[in-house]
Amino acid sequence: MNMKLSHYHVITQPFFDELEKRVKRVIFATRTATVRIIDDHIWTILETGNLNDLPPDILFDFAEIKLIVPTELDELATILAQNNAAATDDDDLYLVVQPTALCQLGCHYCGQAHTSKMMTAQEQQQLLERAAKKLQSQKFKSLSIGWFGAEPLVGLPVMRTLTSQFQSLAAEFGCSYDAKIVTNGLALTEQVATELVQELGVSFIEITLDGIAEDHNARRMQKNGLPTFDKIFTNVTALASRTDLDVQIVIRCNVDRQNYESVSLLLEQLAAAGIQDKIGFYVAPIHSWGNDAHHVSLTKEEFADWEITWFGEMIELGFEPGLLPQRKPLVCLAVMPNAELVDAYGNIFNCTEVSYVPTYGTPNEYAIDHLSGQQMPGNRDRLGNFNERVSQGEYPCATCPMLPVCGGGCPKSWLEEIAPCPSAKDNIQQRLLLTYALSRIQQQAASLEYA
C-alpha cells in the first residue's frame with residue numbers, strides 16, 4: 001500500500017540533544033494526539049516522501065499513530081466522519097441547566113443581563129419530562145448535568161430539587177449520574193461544597209479567579225461594588241485542602257490587557273497556599289460574549305507567548321499543566337444532537353454562550369426551543385451543522401493540521417466572523433519542546449534515584 005505523510009502533524013525545528021549528541025525533532029501526530037521524538041534524518045525521509053527508507057518498526061509505528069496514511073485517503077473527510085460518528089454514538093445525555101438568571105457579580109466583560117428569575121416548579125417539571133423523553137430512547141448509559149450561570153449557586157434550592165429528580169430518572173432508565181458546576185465561588189462555603197459533592201453528585205467544580213486580589217476585584221466585583229477575591233480564595237483553598245471530598249477542582253483565569261501580568265502572581269499565591277498539586281489551572285483569553293470585550297484582549301500571538309511562560313512557571317511551582325491538546329471529536333454541545341442548555345426562563349439552546357445576552361434579542365435568536373413548546377426563532381442546525389460547514393471549506397479549519405485536537409473551535413464565533421482558534425495553534429511547537437525538556441528532566445531524576 002502506498003503511504004504518505006499525514007497532513008495532520010506538527011514538527012518542531014531541529015535541536016541538538018546534549019545527552020545523546022544527536023540532532024532531533026519532536027513531531028506531533030494530531031489525528032491521534034501522539035508525540036514522537038525522532039532523529040533529524042527520519043524527518044528528512046518523511047519530508048521527501050521516501051517512506052520505504054524507514055526502518056520497518058518505525059514505519060509500522062508511524063502508521064499506527066496515523067502519522068503516515070494511505071496515499072488515497074481523504075483525511076479531512078475521515079476526521080469529520082469520526083467526529084460526526086462520535087456525536088451520533090454518544091451515549092451520555094448531557095444537559096446544561098441554569099437554575100437562575102441571577103448573579104452576585106458585575107464583571108465588566110460579561111455580556112449577560114442578570115435578573116432575579118428562578119426556574120419555577122412548573123419549568124422544572126417540564127425540564128424533567130423533556131429529559132425523561134430523551135432517556136426513553138434507551139440510547140443512553142449516563143446522564144450528566146452541567147450547572148451553569150449566571151451564578152448557579154444562587155439557585156441552589158432549584159439544584160437540590162432537580163438533582164433528586166434527575167438521579168431518580170437516571171436510576172429508572174439504568175443510567176449512571178454525574179454533575180459538574182461552573183461557579184464564581186463566592187457562595188462555595190465548606191458546607192455548600194460538602195452538599196454539592198456528597199448529596200448533589202457533583203464531581204467537578206470550576207471556579208474563576210482573574211489574578212490576585214487587586215486585579216480580580218477590579219474586574220469581578222459584586223454588583224454593589226464590594227470585593228470578592230478574599231472570600232473566593234478562602235473557599236478555594238479550603239475545598240482543595242479537604243481529603244473527604246472526591247471532587248476535581250479547576251481554576252480558570254480570564255485575561256486581557258488589564259490583568260495578564262497578574263497570572264504569575266496568582267500562581268505563586270496558589271502555590272504558597274500549598275494546593276498547586278490539588279487543582280487544575282488554565283488561562284483563557286477574554287472573548288466576545290455578545291459584546292466587544294474581546295477588543296481589549298491580547299493578540300493571539302501575545303497570548304500564546306505568555307502561555308508558554310505561564311506553563312514554565314506552573315511546572316516550577318509544582319502544578320501539572322496540560323501541555324498538549326488531546327483528540328477532540330466533540331467540540332462542544334452545539335454538535336451534540338441530544339445535548340442542550342436550558343435557562344431559567346425555559347429557553348433552550350445548543351450553545352452556552354448566548355443565554356441571557358440581550359444583544360441577541362427577545363426572544364433570543366439562538367433559542368432553538370422552549371420548555372413550554374413555544375416557537376423560538378433559532379434552530380439546532382445553525383450551529384449544529386458546523387462539521388458540514390468545515391467539510392465545505394467555509395472555515396480555515398478545513399486545511400488546518402490542528403483540527404483533530406481542537407475540533408474547530410467555537411461554532412458561534414466562526415458564525416460571527418471572530419476566529420476562535422485556540423492558543424495551541426500558535427504555540428504548539430513550544431509546547432512540544434517543553435514536553436520533551438520536561439521528560440528528559442524526569443528521566444534524569446529517575447536515573448539518579450536508582451544510581
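These figures come from a predicted structure and were not determined experimentally. All residue numbers in this chain count up from 1 along the given sequence.
Across all non-hydrogen atoms, the minimal contact from Phe386 to Gly407 is CE2-O, 3.4 Å. Nearest approach of Gly201 to Gln167, heavy atoms of both residues: N-NE2, 4.3 Å. Closest approach of Cys406 to Pro422, counting heavy atoms only: CB-CG, 3.6 Å. Scanning both residues, Ala101 and Ala344, for their nearest heavy atoms gives N-CB, 3.8 Å. Closest non-hydrogen pair, Phe140 versus Leu93, comes out as CD2-N, 3.5 Å. Nearest heavy-atom pair across Ala86 and Leu330 is C-CD2, 3.9 Å.
The structure places CD of Glu261 at 11.0 Å from CD1 of Ile212, a figure rounded to the nearest 0.5 Å. Atom CG in Leu209 sits 10.0 Å away from atom CG in Asn254 (nearest 0.5 Å). With rounding to the nearest 0.5 angstrom, the CZ atom of Phe60 is 10.5 Å from the CD1 atom of Ile68. From Leu67, atom CG reaches atom CZ of Arg31 across 10.5 Å, with rounding to the nearest 0.5 Å. Atom CH2 of Trp310 sits about 10.0 Å away from atom CG of Asp305, to the nearest 0.5 Å. Leu188 contributes atom CG, which lies 7.5 Å from atom CD1 of Ile181 (distance to the nearest 0.5 angstrom).
Neither side chain, Gln248 nor Ser203, offers a donor N or O lying under 3.5 Å from an acceptor on the other. No side-chain donor-acceptor contact under 3.5 Å links Tyr109 and Asp256. In summary, the side chains of Gln392 and Arg389 do not present any donor paired with an acceptor at a separation below 3.5 Å, with no hydrogens or angles considered. In this structure, a donor-acceptor pair under 3.5 Å is absent between the side chains of His370 and Gln375. For the residue pair Ser262 / Asp215, a side-chain donor-acceptor distance below 3.5 Å is found, with atom types taken as modelled. Donor-acceptor pairing under 3.5 Å is lacking for the side chains of Asp178 and Ser144. There is no side-chain donor-acceptor pair under 3.5 Å between Asn350 and Glu340. Between the side chains of Glu206 and Tyr282, at least one donor N or O lies within less than 3.5 Å of an accepting N or O. For the residue pair Arg219 / Thr208, no side-chain donor-acceptor distance below 3.5 Å is found, with atom types taken as modelled.
Each of Leu59, Ile58, Ile65 was checked for a side chain to side chain contact (heavy atoms under 4.5 Å, CB included) with Asp61, and the lone residue meeting it is Ile65.
Side-chain contact between Ile315 and Leu434 is present, with heavy atoms from C-beta onward closer than 4.5 Å. Using a 4.5 Å cut-off on side-chain heavy atoms (C-beta onward), Leu153 and Leu196 make contact. Looking at Trp306 and Val255, their side chains never come closer than 4.5 Å, going by heavy atoms from C-beta outward. Residues Phe62 and Asp57 have side chains not in contact (no heavy-atom distance under 4.5 Å, counting atoms from C-beta outward). Residues Ile27 and Val10 form no side-chain contact, since every pair of their non-hydrogen atoms from C-beta on lies 4.5 Å or further apart. Between Asn83 and Arg327 the shortest side-chain heavy-atom distance falls below 4.5 Å. Considering only heavy atoms from C-beta on, Ile45 stays 4.5 Å or farther from Asn52 through its side chain. Under the 4.5 Å side-chain criterion, counting only non-hydrogen atoms from C-beta, Gln112 is in contact with Ser355.
Taking 4.0 Å as the cut-off between side-chain N and carboxylate O, Lys300 and Asp426 do not count as a salt-bridged pair. A salt bridge does not link Arg22 with Asp17: none of the charged nitrogens is closer than 4.0 Å to a carboxylate oxygen. Ion pairing between Lys66 and Glu75 fails under the 4.0 Å rule for side-chain N and carboxylate O. Of the charged side-chain nitrogens involved, none lies within less than 4.0 Å of a carboxylate oxygen, so that Asp210 and Arg252 do not count as a salt-bridged pair. Salt bridge absent: Glu18 and Arg440 never bring a charged side-chain N and a carboxylate O closer than 4.0 Å. The pair Lys24-Asp39 does not meet the salt-bridge criterion, since no charged nitrogen lies less than 4.0 angstrom from a carboxylate oxygen.
When the side chain to side chain contact (heavy atoms under 4.5 Å, CB included) test is applied to Thr88, no partner is found at least two apart in sequence or on another chain.
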Begin with the C-alpha distance, continue with both residues' side-chain angles, and end with the deciding distance and a verdict on side-chain contact (heavy atoms from CB on, under 4.5 Å) for Gln430 and Glu307. CA-CA 10 Å; Gln430 295 97 314; Glu307 190 175 41; over 6 Å; no
When you look at Val96 and Val342, which way does the side-chain contact (heavy atoms from CB on, under 4.5 Å) test go after all the steps? CA-CA 6 Å; Val96 180; Val342 182; over 6 Å; no
Please step through side-chain contact (heavy atoms from CB on, under 4.5 Å) for the pair Gln443 and Leu19, ending with a clear verdict. CA-CA 11 Å; Gln443 287 173 9; Leu19 292 177; over 6 Å; no
Let's go through Glu129 and Lys134 carefully: what are the C-alpha distance in whole Å and the side-chain angles of both, what is the deciding distance for salt bridge (charged side-chain N to carboxylate O under 4.0 Å, His left out) to 0.1 Å, and is it a yes or a no? CA-CA 9 Å; Glu129 291 171 359; Lys134 289 177 179 287; over 6 Å; no
May I have the step-by-step check of side-chain contact (heavy atoms from CB on, under 4.5 Å) for Tyr8 and Met402, ending in yes or no? CA-CA 7 Å; Tyr8 295 94; Met402 294 292 286; over 6 Å; no
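Counting only distance, with no hydrogens or angles, the side chain of Thr12 and the backbone of Val26 share a donor-acceptor pair below 3.5 Å. Judged by distance alone, with hydrogens and angles left aside, the side-chain atoms of Asp343 form no donor-acceptor pair with the main-chain N or O of Tyr356 at under 3.5 Å. Not one N or O on the side chain of Asp381 forms a donor-acceptor pair closer than 3.5 Å with the backbone of Asn385. Looking at Glu416, its side chain never comes within 3.5 Å of a backbone N or O of Ser413 through a donor-acceptor pair. A distance-only check finds a donor-acceptor pair linking the side chain of Glu151 to the backbone of Asn184 [under 3.5 Å]. Judged purely by atom type and a 3.5 angstrom limit, Lys4 uses its side chain to pair as donor or acceptor with the backbone of Thr71. Not a single donor-acceptor pair under 3.5 Å links the side chain of Asn50 to the backbone N or O of Asp53. The backbone N or O of Thr30 lies less than 3.5 Å from no partner atom in the side chain of His9, so there is not a single donor-acceptor pair. Not one N or O on the side chain of Asp90 forms a donor-acceptor pair closer than 3.5 Å with the backbone of Asn338. No donor-acceptor distance shorter than 3.5 angstrom exists from the side chain of Trp147 to the backbone of Val202, with no hydrogens or angles considered.
Aromatic rings from Phe15 and Tyr436 are positioned such that their centres are separated by under 6.0 Å. The aromatic ring centres of Phe303 and Tyr260 sit 6.0 Å or more apart. Between Tyr366 and Tyr360, the distance separating the two ring centers is shorter than 6.0 angstrom.
For Lys21, the NZ atom is densely surrounded, since the number of other residues' heavy atoms within 6.0 Å is greater than 12.
By the 6.0 Å and 45° rule, Arg220 does not stack over the aromatic ring of Phe229.
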